[in-house]
Structures are given as C-alpha cells and as structure tokens.
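Throughout, a chain's letter reflects where its sequence line sits, starting with A, and its residues are numbered from 1.
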Protein chains: 2
Amino acid sequence: MNSKTVPNTATGQKASSAHRSYEEELREAGIRITKPRKVILKILTQASDHPDAMEIFRRAVKVDASIALATVYRTMKMLEDLGAVHRHSFEGGPARFENADAEHHDHLIDLDTGDVIEFHSERIEQLQQQIADELGYDIEHHRLELYGRKRKK
Amino acid sequence: MNSKTVPNTATGQKASSAHRSYEEELREAGIRITKPRKVILKILTQASDHPDAMEIFRRAVKVDASIALATVYRTMKMLEDLGAVHRHSFEGGPARFENADAEHHDHLIDLDTGDVIEFHSERIEQLQQQIADELGYDIEHHRLELYGRKRKK
DNA sequence: CTTCCAGTTGCAAACGATTTGCATTTGCAT
DNA sequence: ATGCAAATGCAAATCGTTTGCAACTGGAAG
C-alpha cells in the first residue's frame, strides 16, 4: 500500500525485477557482498514500493536483528553511487528508494495515502529538453512530481 | 549570484516587486506587524533571488542584530501559510523561498552555481493535467525541476 | 496616551533524517 | 589458514527545522 506502476504493463508481479541482480552489480564493481548487504539487497529486490531507509531497516531487522540503521544508509548511498537505485526526496518526507533499472518515469504522489504512481510522457521529456536547450543548459537530470488526490466520484 | 528570471521581460529591477505589499497582506489577515517581521519582509521584497532561511537570517541580522533564526523560520512558515511566499526544496539543500505573486513557473537549477532560472511551459502544464486526469487524480500542485550545467561553448 | 493581554520573540533544547568517528569484525584474495 | 582493507555496529555529531517557555510588545480598548 505504497506504490504502483501505472502503465500497468503486465499483471502485478514483482514490480522491480532487477535485470542484472544487485549482487552481480556489486561483484562487477568489486564491492564486497556482506551479510547485511545481502539482506538489504534481497529486500530491495522484492520491494514493489518506494521504501525509505527506516522502512528498509525495519524489514531488514526482521531477517537479521543485528543490522544497524547506519548500514542501511551506507548501503543505499553505495547503491545510489553505483547507479543501482534512485533516491527520491518527495515533499518533506525522508528519501525513498527504487530500483534503477526500470525505464525512466516520473511520479504522482497521492497526498492522502502516500502512494506513488509512476508515469511517463515522452512529450514532456522532449519539451524539457527543448527548454533547457533554449536556456543554454545541458540537463543532468530532472524531477517531475505531481501531488494530488484521487478524483472524487 | 543565485537566481535569475529567464523570460527576462524587463531590465533587471527588483525582480520580486510585490503587487500587494507583504505588510498589507499581513494587515488584511489580521497578523501583527512586528519589528523583526518588518525587517524580514523588507528583505524578501528586495530579494531577487531564492534565499534560504539562513541567508534571510544573515541579511536580517545586518539590520537588527537581535533577530533570531527561529523567528525567520516562523515568519517564513507564516508567509507560506498565508500564501505570500512559495517554499522550494531543491535537491538535498535547505528550503528556499520566493515571492508568491509572480505567475506560476518551474525551475532550472544550475548544478555548478546553485543559480535558479525560472521558466514556464504551458504545454507541459497541459500534459501534466492530462496525465493526472487519465490516472483519475486531481493535481494539488506539482514540481518540475531541471538540474543541469551551462552548455559548454 | 496609558492599560492590557494575546500574539510574538529570543533562547535553548528537541527534532527527524542522515552522516560520521572509531574500535571491532569480516569478506575474500592469497 | 592468514592478513588486511573494507565494512559493521554503536554512539555521538551534523544539518535544517521546530518547539517549549518565560519575557516582551503591538495595537485595540479605554
């Protein structure tokens, strides 16, 4: 009860089916695969929502009570630097993460539930590009978030 | 060295010329106009950039050394609730504020300098609206930020 | 132009999210 | 098995922001 992929392509299986497993990525990058990391990576692989660090920590502790919150933060930072996950800082709240290997998309955040719905508009992307061009800038990345509530009726 | 309005309509005078002065707004809302508030409001009226609370505080202290940072935060919250200023939380950094009575616009943040360039695309607004419609949502507000660097050459 | 008190203030302590220092483990290449 | 840089857990530190509280002050009422 926290996130949905909207173009709703297939039928709701594990939304974030990593193409290349996280462990493979770490191995390729020459980064150690430790016990706490395994736990966190598994949680991320199974997650179909956009959990924040504390939520990941809660799920991790259930598997291995000795894992520290700091390790979750360190691991998420590592994965972000590696490009394996994306960090989103929605309105005020804590940063929330999602697997990076999905196609690019933006988010609509349900103000009542916190649910995150993903969407994508090629047309908007083009317009953004065009605007940056006109302003003489190269876009590194962007952020488009719609905040709203389910339409009544 | 921190913000520019891009459509660059007129020649760079006080970018945020409040239509209705802040003091008028407070008065109308039945909110007291105190000494520290006067200082902060003046700073905001003169600001042509998007200062954060600490920056507003620094400028305020030059005028009246006894002003507290907490007062700046409280005043900004008050103005935001009043709808007189907009709060933007760009990438990680602290919240930055701007006068609310300009026409709606989005932002391009210069990753090298922190400068904020404003832009507006009616077409993008329409597309966002359309997307929300399709998803069955009413947009409360949105956030579109482009992060980039000045194009080389 | 006093009086009065709810609204405001300054200050310091509390906060939530995240990061960091450090001494202790632990992957994993040898 | 061995060695050591990398990673961990823990606690303390940081950053931006909020809050409790006692002292202070606009500005409406007299």
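- Spacing between atom OH of A/Tyr73 and atom P of C/dA17 amounts to 7 Å, rounded to whole angstrom units.
- Proximity note for B/Ala70 (side chain, C-beta onward) versus C/dT18, C/dT8, C/dC11: the nearest is C/dC11.
- When the P atom of D/dA7 is taken as reference, atom NZ of A/Lys38 falls 14 Å away, rounded to whole Å.
- In terms of polar N and O atoms assigned as donor or acceptor, the side chain of B/Arg74 comes within less than 3.5 Å of the base of C/dG10 in a complementary pairing.
- C/dA29 and D/dT2 make up a base pair, with Watson-Crick or G-U wobble contacts both under 3.5 Å.
- Nearest to the side-chain atoms of A/Ile33 among the listed nucleotides C/dC28, D/dT17, D/dG9 stands C/dC28.
- Of the listed residues (B/Gln128, B/Arg143, B/His141), just one forms a side chain to side chain donor-acceptor pair (under 3.5 Å) with A/Glu145, and that residue is B/Arg143.
- Although no hydrogens or angles enter the test, the distance criterion places no donor-acceptor pair under 3.5 Å between the side chain of B/His120 and the main chain of B/Glu118.
- Taking atom CD1 on A/Ile31 and atom C1' on D/dT8, their separation rounds to 15 Å, with Å as the unit.
- Of the candidates D/dT17, D/dG9, C/dT8, the closest approach to any side-chain atom of B/Thr34 belongs to C/dT8.
- Nearest to the side-chain atoms of A/Lys35 among the listed nucleotides C/dT18, C/dT9, C/dG27 stands C/dG27.
- When B/His86, B/Arg87, B/His105 are each tested for a side chain to side chain donor-acceptor pair (under 3.5 Å) with B/Glu98, only one passes: B/His105.
- Looking only at side-chain heavy atoms (C-beta outward), A/Thr75 and A/Ile56 stay at 4.5 Å or farther from each other.
- Whole-Å rounding puts the A/Asp64 CG to D/dG9 C1' distance at 11 Å.
- What separates CZ of B/Arg96 from C1' of D/dG16 is a distance of 15 Å, to the nearest Å.
- Interface remark: the A/Arg32 side chain does form a donor-acceptor pair with the D/dA6 base, using a distance-only criterion of under 3.5 Å.
- Remark: the A/Arg37 side chain and the D/dA7 base include no donor-acceptor N/O pair separated by less than 3.5 Å.
- Map A/Arg27 and B/Pro36 each onto its nearest nucleotide of DNA chain C; the residue landing nearer the 5' end is B/Pro36.
- Residues B/Arg123 and A/Gln130 form no side-chain contact, since every pair of their non-hydrogen atoms from C-beta on lies 4.5 Å or further apart.
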